[in-house]
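One structure is given below, encoded as structure tokens.
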Amino acid sequence: MRCSGHVLGKRLACVFLLSIFLAQVATNEAAAQSPISSNLYGLTVGSGVTWIEPWPKDSFSDVRLLLPTTSWSYMNPAPGVYNFTTLDGFMDLAPVHKASLLLVFSQVPQWASSKPGDKSCSYSPGSCDPPNDLNADGSGSNQHWKDFLTALVTHSVNSRTGHINAYELWNEPMDPWYWTGTNAQLVRLGADAYNIIKSIDPNATLSTPSFAWETQYCLQWMGAYLGAGGGQYADRIDVHGYVDDRGGRTGWPENMATFVPEFLQVMRQNGQQGKAVWNTEANWGAYNSHRHLTNPDLQAAWLTRMYLLSASYNISRLYWFSWSDPNLGTLWKADPNNPGGPGTVLKPGIAYQQVYNWTVGATMDRLCSNSGTIWNCGLSRSGGYAAEAVWDTSESCSNSACTTHPFAVDSKYTKYLTVYGKSFDIKDGTVPIGAQPILLENQ
């Protein structure tokens with residue numbers, strides 16, 4: 001899922017270099033000097049993962065629920081009727097796997113919709129239209145929403161296993177197939193959600209709707225929502241941090257050097273600076289579309305670079321989308337003869353676990369930066385450990401092989417690790433660098 005494309009203004013070449021500087025200035029330096037938390041590594045669940053499939057092998061600390069069966073429409077099929085079966089399953093599993101849960105609000109029930117026959121909505125008729133007891137100016141009882149929230153949060157608090165730890169106000173409301181209401185209506189949903197959640201479960205948090213940073217339209221929509229007062233009902237700011245080139249083509253994580261500063265500027269302009277930013281969806285694109293990587297080695301490169309740069313830009317959480325959906329950034333393939341078996345962790349899934357191991361508990365004491373096409377980030381740990389992730393965006397991969405070139409490194413580094421977990425001694429002071437980051441280590 002992503003923000004829809006719109007006509008964009010031209011960009012000057014100097015913006016790229018300027019934005020790198022602005023991003024580093026805007027980054028919270030205290031947070032950048034803190035050890036990287038395992039909470040950076042999350043997973044969006046849109047299908048699969050549980051029930052038949054085994055729990056993911058990779059180290060996901062947080063799970064974002066965006067399932068049809070965890071939508072408002074499904075969980076509240078009629079006035080006063082609630083079905084929390086799927087949610088209960090995840091609340092049972094979460095403490096077993098030491099994972100926190102983020103629930104996304106989406107899909108107005110047809111019985112509560114102001115346009116129950118609207119077939120333009122993505123999920124089901126009327127699901128993208130505001131509730132019928134909420135006026136365009138944000139007035140009205142909004143009782144359908146309040147009743148659902150009260151039942152949901154109470155159910156979570158009373159669970160004897162896990163609980164919903166965080167909520168996301170709405171999924172991509174800048175797109176009319178997910179939301180056709182006014183900002184005043186959406187802010188009212190946020191205000192009622194914030195007050196009800198905090199009154200029943202003070203430990204739970206609520207975000208803004210999921211914004212996006214990849215087009216000027218998305219940024220303008222974000223500014224309008226925050227300008228309407230939505231930020232006051234949010235503990236953090238959520239973004240769907242896709243990095244497509246502004247033109248719709250497959251983009252690379254280094255585009256964050258432009259996107260993040262502009263996103264942070266909108267936050268500052270609306271008094272939201274200092275709040276945590278969670279990237280609740282990201283991947284290299286959808287299968288059979290113009291924004292997709294089919295080469296598994298490039299997929300591994302993309303994912304590793306995305307997490308390294310997210311840590312550098314102080315993104316608190318990045319929920320990968322997804323684990324087992326073959327159409328959306330899949331990291332794992334089920335055994336067709338044994339869907340509940342171990343299956344196969346694909347190359348990008350292996351890279352995911354490696355970058356997790358590289359970064360969690362380490363401090364990024366030198367933020368990611370570039371000299372031409374070569375990028376590097378500095379990491380450290382206690383006991384004198386020093387490391388450096390390095391890659392070259394001009395190199396590529398094809399047919400199970402990646403191009404590289406020799407790169408001279410500091411003599412303090414004695415070995416390097418690949419995204420597939422292999423270790424090599426450094427000889428003659430040079431290493432081969434390519435599209436896939438490698439991690440230089442002094443120990």
Run the side-chain contact (heavy atoms from CB on, under 4.5 Å) test against [X] and tell me which residues pass, sequence neighbours left out.
| X | result |
| --- | --- |
| Ala387 | Leu379, Tyr385, Leu439, Glu441 |
| Gln110 | Pro116, Pro125 |
| Asn39 | Ser37, Ser61, Asp62, Arg317 |
| Gln265 | Arg268, Gln269 |

Residue pairs fulfilling salt bridge (Lys or Arg N to Asp or Glu O under 4.0 Å) with at least one residue in [range], sequence neighbours excluded:
| range | answer |
| --- | --- |
| residues 155-168 | Arg64-Glu168 |
| residues 100-123 | none |
| residues 295-307 | Glu254-Arg305, Asp297-Lys347 |
| residues 218-238 | Lys198-Asp235, Arg236-Asp238 |

Going by side-chain hydrogen bond (donor to acceptor under 3.5 Å, both in side chains), name the residues that satisfy it together with [X], two or more places apart in sequence or in a different chain.
| X | result |
| --- | --- |
| Gln354 | none |
| His144 | Asn132 |
| Tyr307 | none |

Close side-chain approach of Trp358 to Pro437, heavy-atom, < 4.5 Å: yes
Distance flag, aromatic centroids of [Y] and [X], threshold under 6.0 Å:
| X | Y | value |
| --- | --- | --- |
| Tyr178 | Tyr123 | yes |
| Trp320 | Trp284 | yes |
| Phe105 | Trp170 | no |

Taking atom types as modelled, is there a side-chain donor on [X] or [Y] under 3.5 Å from an acceptor on the other?
| X | Y | result |
| --- | --- | --- |
| Thr85 | Asn83 | yes |
| Glu281 | Thr44 | no |
| Ser59 | Gln353 | yes |

Phe60 pairs by ring-ring contact (aromatic ring centres under 6.0 Å, His included) with which of Tyr41, Tyr352, Trp332? Tyr352
Cys121 to Asp129 - nearest heavy-atom pair and separation: SG-OD2, 3.6 Å
For Arg366, all residues meeting salt bridge (charged side-chain N to carboxylate O under 4.0 Å, His left out), sequence neighbours excluded: Glu388
Show, in sequence, the C-alpha distance, side-chain angles and deciding distance for Tyr242 and Asn283, and conclude whether the side chain to side chain contact (heavy atoms under 4.5 Å, CB included) test is met. CA-CA 7 Å; Tyr242 296 103; Asn283 58 40; 3.5 Å; yes
